[in-house]
Student: 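Please read through the structure below; I'll follow up with questions.
Order of appearance sets the numbers: ligands from 1, and atoms from 1 within every ligand. Everything quoted here is computed from the prediction, not taken from an experiment.
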Amino acid sequence: MGKDVIVACDFPSRQATLEFLDKFSGCERKPFVKIGMELFYAEGPQIVRDIKARGHKIFLDLKLHDIPNTVKSAMAVLSGLDVDICNVHAAGTTAMMQAAIEGLTRPDGTRPLLIAVTQLTSTDQEAMEKDLLIEKPMEEVVMHYALTAKNAGLDGVVCSPLEAKAVHDTCGKGFLTVTPGIRFSDSAAGDQKRIMTPAKAKEIGSDYIVVGRPITRSEDPVAAYTRCVDEFIG
Ligand code: C5P
């Protein structure tokens, strides 16, 4: 899988999601779709099968974080859904990440890509210090989590685009950086604190950008998606 724009389909229902995806039916490029907690909890695994059946690649963003045995069993279920990417919190520790890989790996040795969340892009240094009692600089924390994920055998991390270059420098170019917190130069940041444009994300070497509201809340989602693809890949 090469560089791509992943559209965060943060919708409350199957109907809203499929109506949104229908807008792309005339597009040459089928958007890579991110299914998050809202949609998955509302509609269950069938929504993954339905979107997959329409020919979209899927990043199932459930950010698992539990004891290793529970994560292993849950991942075995997700692996059977044939998703392309799924994820865990690196804060779950090495043992949990290794268990996740074991659970994901099918009898034939194949598995979806597994990436780790380092620090959410909505978390800033102040929140990390006050709420999580982590007093190191954000970049040091993110690099440590990324290296821990790499050593546990994961394929990459979800991180702020501001950290993608440093992650590649620390963990190697082949270690994937999947970066949300993407905004056009002229769109609202919302609750995202560490943000970047698609063009800049390309320049610093993000492998995948995850874009939600700038596309889903746009008056013309296809135009907004195309703008992202042109800036990031084009
Ligand atoms: O609407 P917006 O472009 O901010 O959406 C970003 C998406 O990426 C959301 O679905 C959010 O849950 C997800 N995400 C994130 N930061 C992370 C991991 C995932 O914003 N660190």
Side-chain angles (χ1 to χ4, degrees), residues 4-13 16-17 20-21 31-43 47-48 51 56-65 83-92 97 113-125 127-128 131-132 134 138-139 141-146 148-149 154-164 166-167 176-201 206-219 221 224-225 227-229 231-232:
D4 214 338
V5 173
I6 302 180
V7 181
C9 285
D10 294 323
F11 294 109
S13 68
T17 308
F20 171 77
L21 291 177
F32 199 129
V33 167
K34 181 170 90 71
I35 298 175
M37 295 182 207
E38 182 183 16
L39 185 58
F40 191 81
Y41 293 153
E43 299 291 351
I47 190 67
V48 176
I51 296 177
H56 297 273
K57 287 199 173 110
I58 294 183
F59 168 19
L60 187 57
D61 179 22
L62 298 181
K63 300 186 179 71
L64 276 70
H65 188 173
V83 297
D84 297 283
I85 306 179
C86 53
N87 61 357
V88 292
H89 272 281
M97 291 190 274
L113 292 174
L114 181 64
I115 59 178
V117 176
T118 54
Q119 284 293 339
L120 296 171
T121 45
S122 54
T123 304
D124 61 9
Q125 184 74 34
M128 202 174 63
D131 297 347
L132 307 181
I134 298 174
M138 176 67 77
E139 178 158 330
V141 175
V142 170
M143 292 320 128
H144 177 70
Y145 282 27
T148 308
L154 272 68
D155 304 293
V157 284
V158 186
C159 63
S160 156
L162 299 172
E163 294 138 1
V167 168
L176 299 174
T177 53
V178 179
T179 62
I182 300 294
R183 291 294 179 265
F184 293 122
S185 48
D186 50 3
S187 65
D191 56 352
Q192 296 283 22
K193 300 219 166 101
R194 294 177 283 134
I195 57 174
M196 191 177 274
T197 64
K200 188 77 187 153
S206 283
D207 295 290
Y208 295 89
I209 54 172
V210 177
V211 190
R213 288 161 289 183
I215 294 175
T216 56
R217 304 252 176 109
S218 163
E219 280 184 8
Y225 170 71
R227 181 178 171 189
C228 273
V229 170
E231 276 194 34
F232 184 64

Student: How about F59 and F32: are their ring centroids closer than 6.0 Å?
Tutor: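 Ring-ring flag for F59/F32: false, centres at least 6.0 Å apart.
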Student: Does the side chain of L21 reach to within under 4.5 Å of the side chain of V33, using non-hydrogen atoms?
Tutor: yes
Student: Between R227 and D186 (salt bridge meaning N to carboxylate O under 4.0 Å), is one present in this structure?
Tutor: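 A salt bridge links R227 with D186.
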Student: Could you pull out, from E38, K63, Q119, M37, the option with a heavy atom nearest to atom 12 (O) of ligand 1?
Tutor: K63
Student: Counting each atom of ligand 1 from 1 as listed, which ones have a heavy atom of R213 under 4.0 Å away?
Tutor: 1 (O), 2 (P), 3 (O), 4 (O)
Student: Using a 4.0 Å cut-off to any heavy atom of L120, which atoms of ligand 1 qualify?
Tutor: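 Listed by number with element: 17 (C), 21 (N).
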Student: Which one of I51, T17, D61, D10 satisfies the side chain to side chain contact (heavy atoms under 4.5 Å, CB included) criterion with I35?
Tutor: I51
Student: Give the atom numbers and elements of ligand 1 that come within less than 4.0 Å of a heavy atom of R183.
Tutor: 1 (O), 2 (P), 3 (O), 4 (O)
Student: Which atoms of ligand 1 have any heavy atom of V158 under 4.0 Å away?
Tutor: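 Result: 17 (C), 18 (C), 21 (N).
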Student: Going by heavy atoms, is P214 under 4.0 Å from ligand 1?
Tutor: yes
Student: Any N or O of I182 that comes nearer than 3.5 Å to an N or O of ligand 1?
Tutor: no
Student: Side chains of E163 and M138: closer than 4.5 Å at any heavy-atom pair?
Tutor: yes
Student: Decide yes or no for K63 and L120: does some side-chain heavy atom of the first lie under 4.5 Å from some side-chain heavy atom of the second?
Tutor: yes
Student: Can you name the atoms of ligand 1, numbered from 1 with element, that are less than 4.0 Å from a heavy atom of D10?
Tutor: 9 (C), 10 (O)
